[in-house]
Amino acid sequence: MRIILIGPPGAGKGTQCQKLVEHLRVPHLSTGEMLRAAVRSAAPDSLLAAQCMEQGLLVPDQIIVGMVTKRLEAQDCRKGCLLDGFPRTRLQAETLDDLLERRAMSVDGVIELFVPRDELVSRMLARKRADDDPTIFSKRIASFEAQTAPLLDYYRGQGKLASIDGLGSADAIFERIKQALKRFKRPPSGGRR
Ligand code: ADP
């Protein structure tokens with residue numbers, strides 16, 4: 001299965017992704033993790049990426065698309081994957097659709113983790129990460145609202161969106177996600193996967 005998890009910073013994507021990859025037995029593709037690894041190893045373009053991340057801005061599409069394309073082409077992603085933090089812009093979503101279509105594959109479903117803004121801020125104050133400074137965190141929420149939230153309509157239009165209430169215990173939220181997975185239709189056998 002090819003699933004996308006979308007949610008604002010602090011929505012709990014990391015926790016749910018861990019549970020989901022175990023459940024689906026597919027690789028976890030987190031662009032945030034890939035970028036942090038690229039920065040640690042001083043990979044090409046990583047200085048620009050680090051600057052964007054530190055400021056709570058999105059890393060340019062070109063860098064992200066190159067990174068994800070390479071990862072998606074790996075053998076272990078053939079049967080599916082969990083996309084976490086990607087796509088985050090309309091261009092990334094369209095690029096992903098094109099890329100999969102050329103390989104006769106598609107996204108099976110998109111899960112939105114919905115958490116109200118006040119709750120996101122109190123969660124952020126309770127954890128510590130370099131880009132979790134309150135001003136930067138507000139910018140990351142603003143990037144989400146301006147650039148990523150419109151993707152929800154894009155996937156709703158494709159009939160692929162499931163919106164999940166992101167409040168409650170991690171286990172309760174995961175139960176809701178598992179119910180949503182059941183609703184994602186599998187293509188008829190012999191059809192696109
Ligand atoms: P969160 O979802 O909590 O914001 P992530 O670990 O997914 O955290 O991302 C951290 C940062 O990495 C983002 O604020 C952004 O700067 C950058 N980033 C991650 N994924 C993308 C992407 N698909 N497009 C652009 N920038 C990205």
Side-chain angles (χ1 to χ4, degrees), residues 2-20 28-36 38-39 45 48-68 82-99 107-168 170 172-174 176-177 180 184:
R2 223 160 270 107
I3 301 292
I4 299 173
L5 191 60
I6 297 185
K13 292 196 303 290
T15 308
Q16 296 303 325
C17 279
Q18 274 178 15
K19 292 175 179 287
L20 257 171
H28 177 198
L29 272 56
S30 156
T31 42
E33 285 302 325
M34 289 182 208
L35 287 167
R36 285 186 283 275
V39 171
D45 291 333
L48 175 61
Q51 286 167 346
C52 294
M53 291 164 82
E54 275 164 24
Q55 293 172 42
L57 301 172
L58 292 188
V59 172
D61 283 332
Q62 205 191 339
I63 297 181
I64 300 290
V65 165
M67 202 173 74
V68 175
L82 175 64
L83 289 166
D84 164 14
F86 176 90
R88 248 178 166 96
T89 63
R90 179 75 184 227
L91 189 129
Q92 292 180 15
E94 287 170 354
T95 307
L96 175 66
D97 278 348
D98 286 350
L99 193 114
V107 169
D108 292 299
V110 179
I111 294 166
E112 172 200 10
L113 259 190
F114 178 79
V115 176
R117 187 188 255 261
D118 292 356
E119 171 71 13
L120 297 175
V121 174
S122 40
R123 288 183 187 181
M124 177 272 303
L125 293 171
R127 69 179 196 182
K128 283 188 202 76
R129 211 172 76 185
D131 53 356
D132 272 355
D133 163 88
T135 321
I136 303 296
F137 192 77
S138 306
K139 281 202 192 164
R140 287 163 57 213
I141 294 184
S143 303
F144 177 82
E145 286 171 353
Q147 289 161 284
T148 309
L151 289 188
L152 301 172
D153 279 338
Y154 177 78
Y155 289 116
R156 194 175 286 118
Q158 295 186 356
K160 291 183 177 167
L161 185 72
S163 290
I164 302 289
D165 174 6
L167 293 182
I173 297 164
F174 189 56
R176 293 173 204 147
I177 293 180
F184 294 148

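Among residue pairs with one or both ends in residues 136-153, those qualifying as salt bridge (charged side-chain N to carboxylate O under 4.0 Å, His left out) are R117-E145, D131-R140, D132-R140, D153-R156; sequence neighbours excluded. Residue pairs meeting the side chain to side chain donor-acceptor pair (under 3.5 Å) criterion with at least one member in residues 10-20, sequence neighbours excluded, are K19-D171.
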Do Y154 and V110 pass the side-chain contact (heavy atoms from CB on, under 4.5 Å) test, and can you show the C-alpha distance, the side-chain angles, and the key distance before you say yes or no?
CA-CA 10 Å; Y154 177 78; V110 179; over 6 Å; no
Does the side-chain hydrogen bond (donor to acceptor under 3.5 Å, both in side chains) test come out yes or no for Q62 and D45, once each step is laid out?
CA-CA 10 Å; Q62 205 191 339; D45 291 333; over 6 Å; no
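Take M67 and apply the side chain to side chain contact (heavy atoms under 4.5 Å, CB included) test, not counting sequence neighbours, and it matches T31, M34, L35, I64. Qualifying side chain to side chain contact (heavy atoms under 4.5 Å, CB included) partners for L167, counting only residues two or more places apart in sequence or in other chains: V115, P116, E119, R123, D165. With sequence neighbours excluded, no residue forms a side-chain hydrogen bond (donor to acceptor under 3.5 Å, both in side chains) with Q55. Checked against side-chain hydrogen bond (donor to acceptor under 3.5 Å, both in side chains), E94 has the following partners two or more places apart in sequence or in another chain: R90. For F144, there are no ring-ring contact (aromatic ring centres under 6.0 Å, His included) partners, not counting sequence neighbours. Looking at residues two or more places apart in sequence or on another chain, you find no side-chain hydrogen bond (donor to acceptor under 3.5 Å, both in side chains) involving R88. Under the side chain to side chain contact (heavy atoms under 4.5 Å, CB included) criterion, A126 pairs with no residue, sequence neighbours left out. Residues satisfying the side chain to side chain contact (heavy atoms under 4.5 Å, CB included) test with S143, not counting sequence neighbours, are L58, Q147.
Distance check: D61 CG to T89 OG1 gives 3.5 Å after rounding to the nearest 0.5 Å. Taking CZ of R176 as the reference point, atom CD1 of I173 lies at 5.5 Å (rounded to 0.5 Å). Of the inter-residue distances, the one linking D84 atom CG with I111 atom CD1 reads 11.5 Å to the nearest 0.5 angstrom. Within the model, atoms CD of E112 and CG of L152 stand 4.5 Å from one another, a figure rounded to the nearest 0.5 Å.
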Side chains of residues 4-12: which donor-acceptor pairs under 3.5 Å do they make with residues two or more places apart or in other chains?
none

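At least one donor-acceptor pair closer than 3.5 Å links the side chain of D108 to the backbone N or O of R2.
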